[in-house]
Amino acid sequence: MESLPKKLKYEIPYIPEGRSILYVPETNIFMMEAKEYARLNSLDREMPNTSLIVKDGVVVGRGANGSTYHDTHECERVKQKIPTGEGYELCEGCHPKNHGEGKAIKDAKDHGFDIKETDLYMWGHWWCCKDCWEAMIKAGIKDVYLLENSEILFNKKDPGNIIGRQFDKI
């Protein structure tokens with residue numbers, strides 16, 4: 001599988017010991033599919049993202065992030081000024097059950113797939129939270145692939161981000 005060695009501009013907020021993130025270009029077939037799935041299915045308007053689980057070159061699970069909770073409720077994390085990656089359990093809309101990684105795992109399992117030794121491709125974010133990493137490790141996901149330069153493109157703190165323009169041509 002294609003992967004690019006990479007020196008990141010930002011330190012990844014969380015990564016379990018012994019794990020790494022691999023990067024692919026926007027032309028990667030699974031990354032292109034993940035982007036389109038996020039465009040069509042993510043319920044998070046600000047940071048739409050999606051995860052695809054791939055086994056032997058075939059997508060076996062899909063999950064887009066978000067819920068409708070924030071349509072009618074204020075985000076508790078925003079009210080408390082909690083940084084990205086923390087306090088997801090404090091807000092129903094931000095809860096890990098609404099993250100694309102877990103939804104993709106559930107989708108694959110609901111369709112009867114054994115996902116041990118699979119790969120996960122995520123479009124729309126630049127790292128995976130602790131809860132999602134734990135779910136992926138428990139499920140047996142081997143490698144996580146993100147879009148190259150995702151730490152810039154999907155990072156709210158970087159002036160070169162594409163937040164609000166995620167579905168425009170990069």
Side-chain angles (χ1 to χ4, degrees), residues 8-17 19-21 23-24 26 30-53 59 61-110 115 120-139 141 144-170:
L8 299 176
K9 182 175 178 179
Y10 297 95
E11 184 177 330
I12 297 171
Y14 177 79
I15 192 157
E17 187 174 331
R19 299 304 294 249
S20 63
I21 294 175
Y23 297 88
V24 294
E26 67 178 316
F30 300 119
M31 199 56 69
M32 290 189 304
E33 182 175 338
K35 179 180 179 180
E36 182 63 6
Y37 194 82
R39 187 181 72 77
L40 295 173
N41 295 284
S42 177
L43 297 175
D44 187 323
R45 291 181 190 93
E46 182 182 2
M47 292 298 297
N49 70 65
T50 195
S51 296
L52 301 182
I53 297 177
V59 177
R62 294 170 179 82
N65 69 323
S67 74
T68 58
Y69 182 84
H70 291 131
D71 292 347
T72 55
H73 298 84
E74 214 176 334
C75 178
E76 192 59 36
R77 292 176 60 247
V78 171
K79 283 185 355 189
Q80 293 185 34
K81 297 183 169 97
I82 296 173
T84 296
E86 298 176 22
Y88 291 129
E89 69 284 352
L90 299 175
C91 177
E92 179 65 25
C94 299
H95 195 279
K97 71 181 179 186
N98 296 317
H99 294 191
E101 300 97 322
K103 287 182 175 183
I105 291 168
K106 182 179 181 328
D107 181 56
K109 288 182 175 183
D110 285 352
I115 57 173
L120 183 134
Y121 287 78
M122 185 194 315
W123 183 92
H125 208 10
W126 66 284
W127 63 286
C128 305
C129 73
K130 182 178 181 182
D131 290 323
C132 289
W133 269 111
E134 288 173 356
M136 290 186 293
I137 290 167
K138 182 179 178 185
I141 292 173
V144 174
Y145 291 87
L146 301 180
L147 179 64
E148 65 184 78
N149 299 317
S150 59
E151 81 281 5
I152 295 167
L153 298 171
F154 306 119
N155 186 338
K156 294 176 184 179
K157 294 180 181 179
D158 193 279
N161 74 53
I162 60 167
I163 296 169
R165 303 174 283 115
Q166 287 97 320
F167 301 108
D168 296 350
K169 178 119 174 90
I170 298 173

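When a residue number appears, it is its place in the shown sequence, counting from 1. Quantities reported herein were computed from a predicted structural model and do not represent experimental measurements.
For the atom pair CD1 of Ile163 and CE of Met47, the computed distance is 4.0 Å after rounding to the nearest 0.5 Å. To the nearest 0.5 Å, atom CH2 of residue Trp126 and atom CZ of residue Phe154 are 12.5 Å apart. Distance check: Thr50 OG1 to His99 NE2 gives 13.0 Å after rounding to the nearest 0.5 Å. Rounding to the nearest 0.5 angstrom, the gap separating the CG atom in Asp71 from the CG atom in Leu43 is 8.0 Å. Separating the CD atom in Glu26 from the NZ atom in Lys35 is a distance of 6.5 Å, to the nearest 0.5 Å. Rounded to the nearest 0.5 Å, atoms CG (Leu146) and OH (Tyr121) are 11.0 Å apart.
For Glu86 and Arg77, the salt-bridge test fails: no basic side-chain N is under 4.0 Å from an acidic carboxylate O. Here Lys97 does not pair with Glu89 in a salt bridge; the nearest charged N to carboxylate O distance is not below 4.0 Å.
Tyr145 is not listed as a side-chain neighbour of Phe30, based on a closest heavy-atom distance of 4.5 Å or more. Under the 4.5 Å side-chain criterion, counting only non-hydrogen atoms from C-beta, His70 is in contact with Cys94. With a 4.5 Å cut-off on side-chain heavy atoms, Ile115 and Lys109 count as touching. Residues Leu40 and Glu36 have side chains in contact (heavy-atom distance under 4.5 Å, counting atoms from C-beta outward).
Of all non-hydrogen atoms in His125 and Ser150, the two that sit nearest each other are O-CB, 3.6 Å. Taking all atoms of both residues into account, the shortest heavy-atom contact from Ile137 to Arg19 is CG1-NH1, 3.0 Å. Nearest approach of Cys129 to Tyr88, heavy atoms of both residues: CB-CE1, 3.6 Å. Closest approach of Ser67 and Gly93 over heavy atoms only: OG-CA, 3.6 Å. Closest non-hydrogen pair, Trp133 versus Ser20, comes out as CH2-O, 3.8 Å. Nearest approach of Lys156 to Asn161, heavy atoms of both residues: O-ND2, 3.5 Å.
In this structure, the side chain of His73 engages the main chain of Tyr69 through a donor-acceptor pair within 3.5 Å. Side chain of Glu134 to main chain of Cys132: no donor-acceptor pair is present (N/O by atom type, distance under 3.5 Å, no hydrogens or angles). Listed for the Asn155 side chain is a donor-acceptor partner under 3.5 Å among the backbone atoms of Glu151. Panel note: side chain Ser42, backbone Asn65; a donor-acceptor pair is recorded below 3.5 Å. Remark: side-chain polar atoms of Asn49 are not paired, donor with acceptor, to backbone N or O of Ala38 under 3.5 angstrom.
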Take Val59 and Arg62 through the side chain to side chain contact (heavy atoms under 4.5 Å, CB included) test and state the conclusion after the steps.
CA-CA 8 Å; Val59 177; Arg62 294 170 179 82; 3.5 Å; yes
Is there a side chain to side chain contact (heavy atoms under 4.5 Å, CB included) between Ile53 and Ile141 once you walk through the steps?
CA-CA 8 Å; Ile53 297 177; Ile141 292 173; 4.0 Å; yes
Given Leu120 and Leu52, is the side chain to side chain contact (heavy atoms under 4.5 Å, CB included) satisfied, shown in steps?
CA-CA 6 Å; Leu120 183 134; Leu52 301 182; over 6 Å; no
Please determine whether side chain to side chain contact (heavy atoms under 4.5 Å, CB included) holds for the pair Cys128 and Glu101, giving the CA-CA distance in whole Å, both sets of side-chain angles, and the decisive distance to 0.1 Å.
CA-CA 8 Å; Cys128 305; Glu101 300 97 322; 3.6 Å; yes
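A ring-centre distance under 6.0 Å is found for Phe167 and Trp123.
Applying the 6.0 Å contact sphere to NZ of Lys157 captures no more than 12 heavy atoms from other residues, nucleotides or ligands.
Side-chain N/O atoms of Asp158 and Tyr10 include a donor and acceptor closer than 3.5 Å.
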